[in-house]
Every structure is written in C-alpha cells, then in structure tokens.
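The structure appears right after this line, and notes come after that.
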Amino acid sequence: MVPISARALYRAIGELRAADVRSPLVRTLTHARSLPEALHRHGRFPDLGETMLGERCAFLGERPGQEMVLGAAGRFWTPVPEWYDVTAESFSGFAHPHSGTIAVGFSVAPRADTGCLLAIEFRITGTDPAARHAIALYWHAIRPAARLTTRALLDTISARAVALTG
C-alpha cells in the first residue's frame, strides 16, 4: 500500500526508467545477467530495461489511470537473449518456434482510507513444449533475483510518486 494519490502513482509508473532503479543489489544482478551478452558484444552492458524486457519492448495497452501493460518476445532465457520485434497487434499471435513472450502489467488500485495498492504482474508464455520447458527452468533459476528486482521496481515507483506529490 502506498499512501499517495492514484494519479501520482500512475504517472510515476509511466515515467519509470531503468536508470531510476538505484538498488546496488539489482544493479549487480543486472550486470551478472548481462555478462554473457557483454562478452559477446565486447563490452556493452545492457541496462535493466533491456535485461528485463529486451530492447524491443512494446506498449501493449492501458486502462488510463489504472493499468498499463508492456510486452516483449524472444528467447530471453538464453545466455545472449534474442529479441523479436512485436507490436501491440502482433503480440498475442506471436508464434516464432522455440520462443516465448513476457507481459508485464503495472496496476494502481485506489483504497478508501489508505492510498493506493501498486502491483506488478508478469505473464510468460512459450510457443512450444521445448520453449515452455526452458522457460520453466529459467524461471526456477532466477526467481529470487526476480523477486528482488520486482521489489526494487515497486520501491522506485513509490519513491517517484512521493516526489511528484511534493
């Protein structure tokens, strides 16, 4: 629960940038996750947003003031992720073999006496049994880091919303 207005909280979600997440632990996890890609590309470290959803994150839709959803598609569980271009229109029908999709929903629910409830929900799909198996193994391995990263995102959004309200 966040003791601020839904409007400020929703604006903070929309203005969130990977550089805003200041957690040293999340930065370390991000760099560790991107190390194979950095070695592959000779020294370029992707930022948190690229690591979480890839360079080609698509805005999938929103219920203004309440919820927004972003998505990406590719082979995100491999040491060097492969991302595919998707749009809001092509996301739901994405079917590239041995791949998957990630959707991230941010929602704000006003509460009468206590401010707002801020939530992040991740939905992951695989396009075939092999992809689903690889995603399940990957998710099992990254679950603790994903929880820490999600907590850092929630904290960052909350702090930004508080700053917006002055």
Side-chain angles (χ1 to χ4, degrees), residues 1-23 25-27 29-30 33-34 46-77 81-96 99-127 131-132 135-136 138-166:
M1 299 293 272
V2 181
I4 54 176
S5 75
R7 182 181 302 235
L9 193 55
Y10 194 77
R11 180 176 166 199
I13 294 168
E15 294 177 0
L16 178 67
R17 300 296 172 262
D20 298 337
V21 180
R22 301 277 185 218
S23 166
L25 182 56
V26 170
R27 293 265 176 224
L29 292 169
T30 300
R33 171 63 179 104
S34 60
D47 72 13
L48 176 66
E50 291 175 276
T51 302
M52 191 170 82
L53 282 179
E55 295 174 308
R56 296 190 177 95
C57 178
F59 181 80
L60 301 179
E62 74 176 324
R63 286 188 290 171
Q66 299 174 22
E67 182 177 44
M68 70 177 68
V69 181
L70 308 172
R75 295 175 48 84
F76 43 86
W77 58 89
E82 180 180 356
W83 298 100
Y84 299 104
D85 289 322
V86 290
T87 63
E89 294 75 27
S90 67
F91 184 83
S92 65
F94 180 81
H96 193 280
S99 299
T101 60
I102 304 172
V104 180
F106 296 88
S107 64
V108 175
R111 298 290 188 240
D113 297 334
T114 57
C116 299
L117 178 65
L118 169 62
I120 298 177
E121 181 179 356
F122 293 86
R123 299 260 176 125
I124 301 171
T125 65
T127 58
R132 287 189 289 278
I135 291 167
Y138 176 70
W139 180 250
H140 182 73
I142 70 156
R143 185 174 298 161
R147 284 186 179 138
L148 290 170
T149 302
T150 301
R151 180 78 252 162
L153 288 171
L154 290 168
D155 291 345
T156 300
I157 292 166
S158 296
R160 174 74 176 140
V162 168
L164 288 171
T165 59

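Not measured: the values here are computed from a predicted model.
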Residues at least two apart in sequence or cross-chain that pass side chain to side chain donor-acceptor pair (under 3.5 Å) with R7, listed by chain then number, are none

Locate the shortest heavy-atom distance separating Y84 from G74; write the atom from each residue and the value.
CD1-CA, 3.3 Å

Quick check: do R151 and L154 have side-chain heavy atoms less than 4.5 Å from each other?
yes

Do L118 and I13 come within less than 4.5 Å of each other through their side chains, counting heavy atoms only?
yes

Distance-only, no hydrogens or angles: does the R75 side chain make a donor-acceptor pair with backbone N or O of E82 under 3.5 Å?
no

Kindly give the heavy-atom pair with the smallest separation between L164 and A12, and that separation in Å.
CD1-N, 3.9 Å

R132 atom CZ, over 12 foreign heavy atoms within 6.0 Å:
yes

Specify the closest pair of heavy atoms between G100 and F94, including all atoms of both residues, with the distance to one decimal.
O-CE2, 3.8 Å

What closest approach, in Å, do V108 and G65 show between heavy atoms, and which atom pair accounts for it?
CB-O, 4.3 Å

Taken in chain and number order and not counting sequence neighbours, the residues that satisfy side chain to side chain donor-acceptor pair (under 3.5 Å) with S90 are T87

Taking every non-hydrogen atom, the tightest pair across C57 and A72:
CA-CB, 4.5 Å

Those residues at least two apart in sequence (or on a different chain) that pass side chain to side chain donor-acceptor pair (under 3.5 Å) with T127 are none

